[in-house]
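What follows is a short report on a single structure.
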Amino acid sequence: MHPYIAAPATLGLVYRAYSRKSLTPFGIVVAALTAVVHAIHPWSIFFALLVVFFLAGTAATKVKYDVKARLTLSSTGASGGEGARTHIQVLANSVVASILILLHYRQLNTRGKHDASGGECWAYGSDLLVVGIVSNYAAVAADTFSSELGILSKSKPRLLTSWNFRQVPPGTNGGVTLAGTLAGFVGAFIIALTSVILIPFCSADTTIRGKFLGNKPGFEGGDGWGWQEKIFWVIAVTIWGGLGSVLDSALGGWFQASVVDGRTGKVIEGSGGKKVLVSGSRTPANKKSDEPSRRIESGLGLLDNNAVNVLMAFLMSIGGMLISSYVWHVSLRSILS
């Protein structure tokens with residue numbers, strides 16, 4: 001990506017995060033370094049995905065923020081709400097994509113097709129790493145939209161990992177609502193639309209006056225991308241990303257403990273996505289001796305929210321590449337070549 005575009009764009013994101021306090025100071029540093037990794041790739045699409053995810057995710061977080069803050073509690077006992085995101089939370093959403101971007105950058109250099117204009121176009125049925133990177137951002141965007149907007153649903157969430165899908169308090173890990181699920185697909189669609197606009201697809205030229213002008217479309221056995229292939233791409237990325245939010249709910253419901261305050265019945269959110277301690281909390285003066293201050297609503301407590309996000313992003317990226325590998329008959333080993 002051209003430095004004269006990436007540099008001011010990165011500075012703009014840093015200023016926005018600082019002025020709106022959406023990231024902690026160290027979170028801003030890590031986000032800036034992540035932006036640099038995305039920007040060194042000759043294609044602009046990956047930097048754009050990072051920017052779109054950040055802006056869209058921040059906008060979703062701000063929607064009725066005061067209302068959402070009253071639905072949960074922080075681990076300190078105050079009103080809930082994410083607050084400024086930490087460097088760990090930044091990495092949880094972007095580290096998988098960053099690694100895949102560096103691998104793809106290496107591939108372009110190995111092929112000798114890395115140049116300032118953006119290098120080669122993306123042929124249909126090639127470069128599984130592109131699928132993995134887009135899958136990452138579609139999934140994490142879906143998860144962000146699902147979490148930030150689903151909690152506002154008028155219907156009570158139901159625990160995805162329970163045998164009877166029992167009702168749980170808003171903010172419970174593994175709790176899903178129809179509104180939240182649909183919001184997740186909207187988040188994935190935003191990423192899918194961004195990708196189809198900016199990915200340098202190899203064009204599928206058509207036949208004019210009986211003369212074939214170029215590549216056949218991928219659906220016809222060629223390596224070009226026509227409008228049909230691109231529409232299918234948008235649909236596939238949207239569905240796959242939306243399923244990522246469902247997977248995140250399942251992983252959170254199984255492996256992440258949801259702790260509920262015994263007095264209010266509200267879910268307690270850990271600072272920076274960390275685990276919430278069940279014991280060791282301050283005991284209020286009016287608390288009865290047999291009344292637990294905190295209890296576990298669901299989950300084993302093996303992972304915190306950040307670890308769940310990284311695991312989900314990894315599985316969705318690898319899963320997207322595996323499916324593409326099978327459909328396109330491309331070896332998964334090609335991502336390391």
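- Cluster membership for Ile99 and Ile88, using ILVMFWY side-chain heavy atoms within less than 4.5 angstrom, is not shared.
- Every residue meeting the salt bridge (Lys or Arg N to Asp or Glu O under 4.0 Å) condition with Asp127, not counting sequence neighbours, appears here in chain and number order: Arg111.
- Two residues are said to be in side-chain contact when any heavy atoms from C-beta on lie closer than 4.5 Å; Ser298 and Thr172 meet this criterion.
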| request: May I have the step-by-step check of side chain to side chain contact (heavy atoms under 4.5 Å, CB included) for Phe53 and Thr144, ending in yes or no? | output: CA-CA 9 Å; Phe53 167 68; Thr144 300; 3.6 Å; yes

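- One finds the CZ atom of Phe255 at 10.0 Å from the OG1 atom of Thr161 (value rounded to the nearest 0.5 Å).
- Inter-residue side-chain proximity for Ile191 and Leu49 is flagged as met; some heavy-atom pair is nearer than 4.5 Å.
- Using a 4.5 Å heavy-atom threshold, the side chains of Tyr15 and Thr10 count as separate.
- A continuous path of hydrophobic side-chain contacts links Leu23 to Val51 [ILVMFWY only; heavy atoms under 4.5 Å].
- Judged by distance alone, the side chain of Ser153 and the main-chain N or O of Thr177 form no donor-acceptor pair under 3.5 Å.
- Cation-pi geometry between Lys68 and Tyr65 is not met: the NZ or CZ atom fails to fall both under 6.0 Å from the ring centre and inside 45° of the normal.
- Under the 3.5 Å distance criterion, the side-chain polar atoms of Glu220 are left unmatched by any main-chain donor or acceptor of Pro217.
- For residues 313-331, no residue pair satisfies the salt bridge (charged side-chain N to carboxylate O under 4.0 Å, His left out) rule, not counting sequence neighbours.
- In terms of hydrophobic clustering, with Ile, Leu, Val, Met, Phe, Trp and Tyr side chains grouped at heavy-atom distances under 4.5 Å, Phe232 and Leu193 are assigned to a common cluster.
- In terms of modelled atom types and a separation under 3.5 Å, the side chain of Gln107 and the main chain of Ser334 share a donor-acceptor contact.
- Of all heavy-atom pairs spanning Ala6 and Phe47, the tightest one is O-CZ, 4.0 Å.
- By the 4.5 Å heavy-atom criterion applied to side chains, Ile151 and Thr72 are counted as neighbours.
- Every pair tested for ring pair (Phe, Tyr, Trp, His ring centres under 6.0 Å) that includes a residue from residues 141-180 fails, sequence neighbours excluded, so the list is empty.
- Residues Ala192 and Thr238 approach most closely at CB-OG1, 3.6 Å, considering heavy atoms.
- With rounding to the nearest 0.5 Å, the separation of CG in Leu160 from CG in Leu251 is 10.0 Å.
- Note on residues 151-171: pairs passing salt bridge (charged side-chain N to carboxylate O under 4.0 Å, His left out), not counting sequence neighbours, are Arg166-Glu297.
- Side chains of Trp240 and Ile323 form a contact here, defined as non-hydrogen atoms less than 4.5 Å apart.
- Rounding to the nearest 0.5 angstrom, the gap separating the CZ atom in Arg16 from the CD1 atom in Ile28 is 12.0 Å.
- Counting only heavy atoms from C-beta outward, the side chains of Val276 and Arg294 approach each other to under 4.5 Å.
- Arg85 has a carboxylate O that lies under 4.0 Å from a charged side-chain N of Glu148, or vice versa, which qualifies the two as a salt bridge.
- In summary, the aromatic rings of Trp43 and Trp122 are positioned with their centroids too far apart to meet the 6.0 Å limit.
- Here Phe46 contributes atom CZ and Ile40 contributes atom CD1; the two are 11.5 Å apart, rounded to the nearest 0.5 Å.
- Interatomic distance, CD1 of Ile335 versus CG of Leu100, reported as 7.0 Å (0.5 Å rounding).
- Relative ring orientation between His104 and His41 is described as parallel, the plane-to-plane angle staying below 30° on a 0-90° scale split at 30° and 60°.
- Here the side chain of Ser324 pairs a donor or acceptor atom with the backbone of Gly320 at under 3.5 angstrom.
- A continuous path of hydrophobic side-chain contacts links Tyr18 to Val29 [ILVMFWY only; heavy atoms under 4.5 Å].
- Side-chain contact between Val260 and Ile268: absent, with no pair of heavy atoms (C-beta onward) separated by less than 4.5 Å.
- Minimum interatomic distance between Leu243 and Met316 (heavy atoms only, all atoms of both residues): C-CE, 4.3 Å.
- Taking all atoms of both residues into account, the shortest heavy-atom contact from Ala257 to Asn173 is O-ND2, 3.6 Å.
- Of all heavy-atom pairs spanning Ala188 and Gly242, the tightest one is CB-N, 3.7 Å.
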Just list the side-chain donor-acceptor pairs under 3.5 Å for residues 133-143, sequence neighbours left out, or say none.
| from | atom 1 | to | atom 2 | distance (Å) |
| --- | --- | --- | --- | --- |
| Ser135 | OG | Val131 | O | 2.7 |
| Asn136 | ND2 | Asn93 | O | 3.3 |
| Tyr137 | OH | His38 | NE2 | 2.6 |

| request: Please step through side chain to side chain contact (heavy atoms under 4.5 Å, CB included) for the pair Asp261 and Ser293, ending with a clear verdict. | output: CA-CA 6 Å; Asp261 179 69; Ser293 60; 5.6 Å; no

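- Side-chain contact between Ser74 and Glu269: absent, with no pair of heavy atoms (C-beta onward) separated by less than 4.5 Å.
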| said: Show, in sequence, the C-alpha distance, side-chain angles and deciding distance for Phe201 and Val196, and conclude whether the side chain to side chain contact (heavy atoms under 4.5 Å, CB included) test is met. | reply: CA-CA 8 Å; Phe201 294 104; Val196 81; 4.0 Å; yes

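- Cluster membership check: Met321 shares its hydrophobic cluster with Val130, using side-chain heavy-atom separations under 4.5 Å among Ile, Leu, Val, Met, Phe, Trp and Tyr.
- Taking CD1 from Ile101 and CG from Leu129, the interatomic distance works out to 10.0 Å, rounded to the nearest 0.5 Å.
- Remark: the backbone N or O of Val176 is not paired with any side-chain donor or acceptor of Ser249 at under 3.5 angstrom.
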| task | Walk me through it: do Thr110 and Arg106 pass the test side chain to side chain contact (heavy atoms under 4.5 Å, CB included)? | result | CA-CA 6 Å; Thr110 301; Arg106 172 180 169 273; 4.1 Å; yes

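- Evaluation of the side-chain hydrogen bond (donor to acceptor under 3.5 Å, both in side chains) rule for Trp233 yields Ser195 as partners, not counting sequence neighbours.
- Across Leu332 and Leu128, no two heavy atoms sit closer than the pair CA-CD1, 4.0 Å.
- The neighbour count for Lys266 NZ, taken as heavy atoms of other residues, nucleotides or ligands under 6.0 Å away, is above 12.
- Within a 6.0 Å radius of CZ in Phe219, other residues, nucleotides and ligands contribute more than 12 heavy atoms.
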